[in-house]
Amino acid sequence: MSINILDAINFQVDTNSLLETFHINAESDVARQLAALAHTASQIGKPKAVYKEAVIEAKGHDYIIVDGIKLTSQILRTNLESTQKIYPYVLTCGRELADWADTLDDMLAAFWADKIMEMALETAVTAFESHLETHYNPGSISNMNPGSLEDWPISQQKKLFSILGDPLNKIGVQLTDSYLMLPLKSLSGVRFHSSIEFVNCQLCSRKNCPNRRVEYHRNAAENYNLKNKK
Amino acid sequence: MNMLNEISQKLQQGNAKAVKELVQQAVDEGCEVTAILEEGLMAGMDIVGEKFKNNEIYVPEVLIAARAMNAGTELLKPLLSSSGIKAKGKVVLGTVKGDMHDIGKNLVRMMMEGKGLEVIDLGIDVPSEKFVEVAEKENAQIIACSALLTTTMNEMKKIVDAASEAGIRENVTIMVGGAPVTDNFRESIGADIYKPDAASAADAAVQACQAR
Ligand code: B12
């Protein structure tokens, strides 16, 4: 099935939200430095996304097969019980911003660049979500990322990348030997239709997470027939 | 004394220019270098660190204060080395091999520098041998490693082992941290210190250096 490459995503740094988040006076020197960085970043920033609709060819006990490639995860398999399609994706803030950030020596400038790149990644997430919604209309949707839960380990990134062909060339994302992505501010995963929303966090007991979306459910693990879960 | 207090004040406001001028003035007036450093610059930075710990201020403000502190210490550096006074200690810091998360590590660096430690930041995805190699070459008292993935946490054990193999285990304090790391884990791999946040990591690093 054809692959979607979103590489013309409009990106503007929202300076005001950064000023607000970090309690910076809009009239200060710091705000002016941020404005200058934001100006450059908005010009060069090219967040990108690559994804496709893939049909599940087979389902096993703890795996699915997509495009001849086996993805092994009990939780993913269980979540896909009543659907035949998945949408694998890789999203990134883009090499342009990452290369630019590398040139900044000042710690504060580097900090702002980091926040700006996170913003670019978020922009890619939003663009991906709205493209998916308009073109495939999958209805209510859930998300999983390799490496987030033990049951779907980070080594599965390799499989995900092969399903997408070669995202490196398409959006400039590189997979390292340890299955992490460069640029740093990149995200990979699959989306799928599900009538009950699945969120990784419900199976993750980690405390103090700034990105937690729902509470940890002690009993949820049992519903997925997972062994050794607290 | 008043002038040192003023240095501390200006540092807290992040006014690098004023800090630089005041430090120069203090030196010219014959103020002791260690007093300028400890009672002026570091005293100011301690307050900044404390406010950050209590969520009264945010990262950019700490970085601005750190920048002002650097402006002052740059001036003092030649005087400090000629008077035989050394930095509080040297830390080799990095995110372990296979891991790319660096937000926490950067905070640790910021707080450690604020405490007057010299930090050599090796960045992300750092192999265990590299930590040890640099620590040995630079005569660092501390190796501090950060890991955010349960899969990369085990790299920390390799760092402990590599330090033993290189024969420098006795000479360095190995600190570990990052969200999945716990004190039990630290014990199990034979590392020395675990701390849950950047501010206490910096305090513990200073203590460890003093104890050596
Ligand atoms: C922000 C974040 C990201 C960001 C930015 C990363 C960056 N530049 O650092 C983005 C969105 C890019 C990202 C991506 C991914 N991430 Co991520 N990420 C996080 C998140 C939500 C927060 C981490 C963070 O910055 N916290 C804030 C800082 C301040 O806290 P901290 O790092 O813990 O540091 C503090 C202390 O621990 C301590 N400390 C830290 N280091 C040290 C060192 C020493 C010596 C000491 C004493 C103390 C100390 O001091 C710090 C300050 O007080 C965590 C979840 C979590 N709760 O940790 C997941 C998490 C780490 N990520 C995870 C995963 C799986 C990924 C991806 C692989 C997902 C994917 N498939 O795309 C990718 C990989 C990216 C890549 N390039 O390959 C998983 C790891 C699971 C596991 N097996 O352990 C987590 C736990 C989330 C989850 N459950 O899914 N991620």
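Sequence lines set the chain letters: A, B, ... in the order given, protein chains first and strands last, and positions in each chain run from 1.
In this structure, the ring-ring contact (aromatic ring centres under 6.0 Å, His included) partners of A:Y89, at least two apart in sequence or on a different chain, are A:F128.
Contact of A:I24 with chain B is made through the side chain alone, with heavy-atom distances under 4.5 Å. With a 4.5 Å cut-off on non-hydrogen atoms, A:D106 touches chain B through its side chain but not through its backbone. The contact between A:T21 and chain B is made entirely by backbone atoms, counting heavy-atom distances below 4.5 Å. With a 4.5 Å cut-off on non-hydrogen atoms, B:L148 touches chain A through its backbone and its side chain both. Interface remark: A:L34 contributes no atoms to any contact with chain B (heavy atom separation under 4.5 Å). For B:E113, the part lying under 4.5 angstrom from a heavy atom of chain A is the side chain only.
Ion pair B:E6/B:K10 not flagged as a salt bridge, since none of the NZ, NE, NH1 or NH2 atoms sits closer than 4.0 Å to an Asp/Glu carboxylate oxygen. Between A:D102 and A:R95 no salt bridge is recorded (no basic side-chain N to carboxylate O distance below 4.0 Å).
Dense packing is recorded around NE2 of A:H23, with more than 12 heavy atoms of other residues, nucleotides or ligands lying under 6.0 Å away.
With chain A as partner, the option from B:I57, B:T152, B:I103 having the largest number of non-hydrogen pairs under 4.5 angstrom is B:I103.
Judged purely by distance below 3.5 Å, without hydrogens or angles, the side chains of A:N16 and A:E20 never pair a donor atom with an acceptor atom.
In terms of heavy atoms, B:V126 sits closest to B:G94 at CG2-CA, 4.4 Å.
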